[in-house]
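Structure, as structure tokens:
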Amino acid sequence: MSNRSYSITIDQLYKCMGKNQALDNLSLSLTSGQIHGLIGPEGAGKTTLIRCLVGLLHPNQGSIIYFENGTPIEFAHIREQIAYMPQQQSLYADLSVDEHLQFFRSMYQISKDDYQQKRAELLEITRLGDFVGRSARNLSGGMYKKLGLMCALLRSPQILLLDEPTNGVDPISRREFWELLYTLHEQNIMIVVTTAYMDEAERCSEVHLMEKGKIIAEGEPITLLKKFGVESIDQIYLKMTVQG
């Protein structure tokens, strides 16, 4: 477990994508040791926000400030601590699980000893040890997502940004993926997950409900349920969007 603690403060962020106001005066805080859920339907601004956090997009207005142990740092100094798993995975169909890991080891310039230790750890927690010789095209949807996550985790990031990681996989694979995130959560890293599945919101440490580029409600799931007097996060979302 790292003794470094990271946080991100997002303040009054605006981002236009063509004629669409993808992010509209959006502010929130993200901290280490938490699973933050960016929850909302397609078009809510989740992917745009993730891409801004990882530096693929630049906001039109507002700021994103990164902190290490409470001290502001430049994005260039934190870049190597960030792993990003995009919504559309770009794995190589002909490469096996093991060949993917070796490819990313070379790209990240990980030493042989560190690689062997990390490889063994990742294969154990993902339960893909028996499938190292299988090509990506022959993996199930859930296994394919796990392989993408393994590649992202190979260099031991402290900030993990996951864009719709369980989209399109079966319920059992979704549950297994979340069990894997809980294992990572114990390592005190920051995990940011986007999802349109309202039932997954209650699995997060903190949720940020998004609609049309805005945060419409946020907090610990159980606290929000009590505050709104409802039994599920989707009921909160319906209340807030109807009122809006």
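Looking at R105, its side chain does come within 3.5 Å of a backbone N or O of I110 through a donor-acceptor pair. Within the 3.5 Å criterion, the main-chain N or O of E231 finds a donor-acceptor partner in the side chain of Q235. Of the possible polar contacts, one joining the Y237 side chain to the M210 backbone as a donor-acceptor pair under 3.5 Å is found. For T195 (side chain) and Y197 (main-chain N/O), a donor-acceptor pair under 3.5 Å exists by modelled atom type. Using a distance-only test at 3.5 Å, with no hydrogens or angles considered, no donor-acceptor pair links the side chain of E176 to the main chain of S173. Proximity of a side-chain donor or acceptor of S205 to a complementary backbone N or O of I35 within less than 3.5 Å is detected. Judged purely by atom type and a 3.5 angstrom limit, H36 has no side-chain atom pairing as donor or acceptor with the backbone of C204.
Side-chain atoms of F75 and I64, non-hydrogen and from C-beta on, never get closer than 4.5 Å to each other. Using a 4.5 Å cut-off on side-chain heavy atoms (C-beta onward), I236 and L209 make contact. The shortest distance between side-chain heavy atoms of L53 and I159 does not fall below 4.5 Å. Side-chain contact between V193 and L181 is present, with at least one heavy-atom pair separated by less than 4.5 Å. Here the side chains of L184 and L160 are in contact, with some heavy-atom distance below 4.5 Å. Contact of the P41 side chain with the E211 side chain is registered, since non-hydrogen atoms from C-beta on lie closer than 4.5 Å. Residues S232 and E202 form a side-chain contact, since some pair of their non-hydrogen atoms from C-beta on lies under 4.5 Å apart. Proximity of F67 to I73: side-chain heavy atoms (C-beta onward) are nowhere separated by under 4.5 Å.
The aromatic rings of H100 and F104 sit parallel to each other, their planes meeting at less than 30°, with 60° as the upper class boundary.
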What side-chain donor-acceptor pairs closer than 3.5 Å can you find for residues 7-22, not counting sequence neighbours?
from, atom 1, to, atom 2, distance (Å)
K15, NZ, H58, O, 2.8
Q21, NE2, L23, O, 2.8

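Among pairs with a residue in residues 65-81, those fulfilling side-chain hydrogen bond (donor to acceptor under 3.5 Å, both in side chains) read Y6-E68, at least two apart in sequence or across chains. Applying the side-chain hydrogen bond (donor to acceptor under 3.5 Å, both in side chains) test to pairs two or more places apart or on separate chains, those with a residue in residues 218-229 are H208-E218.
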What's the verdict on salt bridge (Lys or Arg N to Asp or Glu O under 4.0 Å) for E179 and R127, showing C-alpha distance, side-chain angles and the deciding distance? CA-CA 12 Å; E179 289 174 354; R127 304 175 193 169; 3.7 Å; yes
side-chain contact (heavy atoms from CB on, under 4.5 Å) between L149 and F177, intermediate numbers included: CA-CA 9 Å; L149 182 60; F177 195 93; 3.8 Å; yes
Is there a side-chain contact (heavy atoms from CB on, under 4.5 Å) between T194 and L162? Walk through the geometry before answering. CA-CA 6 Å; T194 77; L162 308 174; over 6 Å; no
Take E164 and K46, measure what side-chain contact (heavy atoms from CB on, under 4.5 Å) needs, and give me the verdict at the end. CA-CA 9 Å; E164 303 273 7; K46 306 185 303 296; 3.4 Å; yes
Would M190 and T31 satisfy side-chain contact (heavy atoms from CB on, under 4.5 Å), going step by step from the backbone distance to the final call? CA-CA 6 Å; M190 179 197 299; T31 57; 5.5 Å; no
How far apart are the C-alpha atoms of D163 and T47, what are their side-chain angles, what is the distance that settles it, and do they pass the side chain to side chain donor-acceptor pair (under 3.5 Å) test? CA-CA 6 Å; D163 193 9; T47 295; 2.8 Å; yes
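Hydrophobic clustering of Ile, Leu, Val, Met, Phe, Trp and Tyr side chains at less than 4.5 Å, counting indirect connections, keeps I65 apart from V54. A chain of hydrophobic side-chain contacts below 4.5 Å, direct or via other Ile, Leu, Val, Met, Phe, Trp or Tyr residues, connects L154 to V97. With hydrophobic clusters built from ILVMFWY side chains whose heavy atoms lie under 4.5 angstrom apart, L38 does not share a cluster with M85. W178 and I233 are members of different hydrophobic clusters when ILVMFWY side chains are connected at heavy-atom separations under 4.5 Å. Transitive grouping of hydrophobic side chains (ILVMFWY, heavy atoms separated by less than 4.5 Å) keeps V169 and L180 in distinct clusters.
Centroid-to-centroid, the aromatic rings of Y92 and F103 come within less than 6.0 Å.
Using a 4.0 Å cut-off between a side-chain N of Lys or Arg and a carboxylate O of Asp or Glu, D94 and R137 qualify as a salt bridge. A salt bridge is defined here as a Lys NZ or Arg NE, NH1 or NH2 lying under 4.0 Å from an Asp or Glu carboxylate O, and D98 with R119 meets this definition. Comment: E121 engages K118 in a salt bridge, judged by a side-chain N to carboxylate O separation of less than 4.0 angstrom.
For the 3.5 Å distance criterion, the side chains of T166 and E200 qualify, holding a donor opposite an acceptor.
In this structure, NZ on K214 lies 3.5 Å from CG on D24, to the nearest 0.5 angstrom. Interatomic distance, L147 CG to R134 CZ, rounded to the nearest 0.5 Å: 12.0 Å. Considering CZ of R51 and CG of L49, their distance stands at 11.5 Å, rounded to 0.5 Å. For the atom pair R203 CZ and R174 CZ, the distance stands at 7.0 Å (nearest 0.5 Å). Between the CD1 atom in I189 and the CD1 atom in I191 there is a gap of 4.5 Å [rounded to 0.5 Å]. Note that OG of S135 and CG of L95 are 9.0 Å apart. Values are rounded to the nearest 0.5 Å.
The heavy-atom pair separating P221 from V207 by the smallest distance is CG-CG1, 4.0 Å. Closest of all the heavy-atom pairs between I39 and M198 is CG2-SD, 3.6 Å. Listed here is the closest heavy atom pair of K146 and T126: NZ-O, 3.3 Å.
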